[in-house]
Amino acid sequence: MAAAVALARPLRRVPHLPPRSRSVPTPLHFFARGRCGVALAVAAAAVGDSSAKGSVHRHVIEEVMDILDMAQMASQRRDVFHTSFLTPPIIKEAMLAIKKLADIKAVAQGGYPQAERCRISVGHPDSMRSNPDVVAALSISGNFRLEPCSHGDFLGAILGAGITREKVGDILLQGERGAQVLVDPELVDYLTFTLEKVGKVGISCTQIPLLAIEYEPPRTKSSKTVESSLRVDAVASAGFKISRTKLGSMMSYGDVRVNWSVVTKSGATLKAGDVVSVSGLGRLKIGEIVTTKRGKYVVQLIQYL
């Protein structure tokens, strides 16, 4: 069993990169040689500018810088490299930055069109003429009618088998039937052999074609709130219908996230497009924001049901 777990972990086809300083590097961090080097410096400058404006979380910047390093190496070697599964903010910023690079092709894949967690493949256009096969789908089935299991239960079963979170994509719940899970293809054999239970329910785990994924667009409910500020505690407490005091307490425990990043300061401000999630309460998206003549904000709240 230990040997199988050991084999399951180092499954990332990513070149070994030198250790990076945790501070956000300047464009001079990169080797500026030729068109690719110049474009890479421009892309890094754009990422750094977003960081300076406070529009992107620092850990996102660091992940994007690593992906840019990978992209440069892929172009130089005329090879193709793949990230692990990434969160939406990292995917968005990385794809925007990669567009500024010369001689680099990038594609983000999560297994189905509306996937949130995706893997990015980067390579020289001559080396990547088709989309790489970097995502596989598993069906985890069992009788969950008497023992319903949550997203966390399925994820916990997979992580309990020795798999790291970055190797797992979206998890699509199917009610009493179980769930469909997107994973790194190199984990398929290991997980189909290893997984036996989710919670207290005995399960079977089999690979299915990506075309067999059953996905329904999320149901949402839209509402509006009028606030004197765009602070996360003001807007989110209105959206989730809880007091600011309770939301502040949940923030102190790390239960509140904005764009998948933990937020602990109630004074953080929101903007249109931000996604706020609160453990146990769900998530909502900030829609249109209109400023009134009196300086207040009419905020559209799109809550996922």
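None of these values were measured; they are calculated from a predicted model.
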Next on the checklist: Is the shortest side-chain heavy-atom distance between Pro132 and Val107 below 4.5 Å?
Outcome noted: yes
- request: Carefully, step by step, assess Ser139 and Thr206 under the rule side chain to side chain donor-acceptor pair (under 3.5 Å).
  value: CA-CA 5 Å; Ser139 174; Thr206 57; 4.6 Å; no
task = Would you confirm whether Ser75, through its side chain, and Gln72, through its main-chain N or O, come within 3.5 Å as a donor-acceptor pair?
result = no
Between Leu281 and Gln303, the two heavy atoms sitting closest are O-NE2, 4.4 Å
Exercise. With a 4.5 Å heavy-atom cut-off, do Met65 and Asp69 have their side chains touching?
Worked result: no
Original post:
According to a 4.5 Å side-chain heavy-atom criterion applied to Ile, Leu, Val, Met, Phe, Trp and Tyr, with indirect links allowed, do Ile289 and Val232 form part of one hydrophobic cluster?
Top reply: yes
Ring pair (Phe, Tyr, Trp, His ring centres under 6.0 Å) pairs touching residues 273-300, sequence neighbours excluded, are none
To the nearest 0.5 Å, atom CZ of Arg117 lies from atom CZ of Arg165 at 3.5 Å
When Val168, Val198, Leu138 are each screened for side chain to side chain contact (heavy atoms under 4.5 Å, CB included) with Ile158, the one that passes is Val168
- Item | Chi angles and distances behind the side-chain contact (heavy atoms from CB on, under 4.5 Å) call for Phe144, Ile203 | CA-CA 9 Å; Phe144 293 92; Ile203 60 96; 3.6 Å; yes
Take Met251 and Ser266, measure what side-chain contact (heavy atoms from CB on, under 4.5 Å) needs, and give me the verdict at the end. CA-CA 8 Å; Met251 292 179 74; Ser266 59; 4.2 Å; yes
Closest non-hydrogen atoms of Ala94 and Ile67, given as atom of the first, atom of the second and distance, are CB-CD1, 3.9 Å
Of all heavy-atom pairs linking Asp170 and Ala115, the shortest is OD2-CA, 3.3 Å
> Do Met70 and Ile90 belong together in a cluster built from hydrophobic side chains that touch within less than 4.5 Å?
Replying inline: yes
Self-check item: Heavy-atom check, side chain of Leu210 versus side chain of Ile213, under 4.5 Å
Solution: yes
(message) Do Phe154 and Tyr190 land in one hydrophobic cluster if side-chain heavy atoms of ILVMFWY residues count as linked below 4.5 Å?
(response) yes
- prompt: So, does Ser237 use its side chain to make a donor-acceptor pair with the main chain of Ala234 at under 3.5 Å?
  reply: yes
Interatomic distance, CE@Met250 vs CG@Asp255, rounded to 0.5 Å, equals 5.0 Å
In terms of heavy-atom contacts, Leu301 and Gly239 come closest through CD1-CA, 3.5 Å
Q.
Would Val201 and Leu146 count as a side-chain contact (heavy atoms from CB on, under 4.5 Å) here? Give the steps.
A. CA-CA 9 Å; Val201 180; Leu146 299 179; over 6 Å; no
The reported gap from NZ in Lys92 to SG in Cys118 (rounded to nearest 0.5 angstrom) is 14.5 Å
Is the shortest side-chain N to carboxylate O distance from Arg177 to Glu214 below 4.0 Å? yes
Check: So, does Ser127 use its side chain to make a donor-acceptor pair with the main chain of Arg78 at under 3.5 Å?
Finding: yes
Those residues at least two apart in sequence (or on a different chain) that pass salt bridge (Lys or Arg N to Asp or Glu O under 4.0 Å) with Asp274 are Lys271
Correct closest heavy-atom pair for Ala236 and Leu247 would be CB-CD2, 3.6 Å
Test of understanding: clusters of I, L, V, M, F, W, Y form through side-chain heavy atoms closer than 4.5 Å, transitively. Do Leu159 and Leu187 belong to the same one?
yes
Scanning both residues in full, the closest heavy-atom pair of Val135 with Pro185 reads N-CG, 3.7 Å
query: Can any side-chain N or O of Thr83 pair as donor or acceptor with the backbone N or O of Ile120 at less than 3.5 Å?
result: yes
Review point. In terms of hydrophobic clusters joined by side-chain contacts under 4.5 Å, are Ile242 and Ile286 together?
Key: yes
Would the number of heavy atoms belonging to other residues, nucleotides or ligands and lying under 6.0 Å from CZ of Phe193 be above 12? no
I'd like to know if Glu186 and Arg119 make a salt bridge, using a cut-off of under 4.0 Å between side-chain N and carboxylate O.
no
Interatomic distance, NE2@His124 vs CG@Asp103, rounded to 0.5 Å, equals 4.5 Å
Rounding to 0.5 Å, atoms OG1 (Thr87) and CG (Asn259) come to a distance of 9.0 Å
(Q) Between Leu68 and Ile98, does the side-chain contact (heavy atoms from CB on, under 4.5 Å) criterion hold? Intermediate values first, please. (A) CA-CA 7 Å; Leu68 291 179; Ile98 291 172; 4.1 Å; yes
One should read off an interatomic distance between Arg145 CZ and Glu176 CD, to the nearest 0.5 angstrom, of 6.5 Å
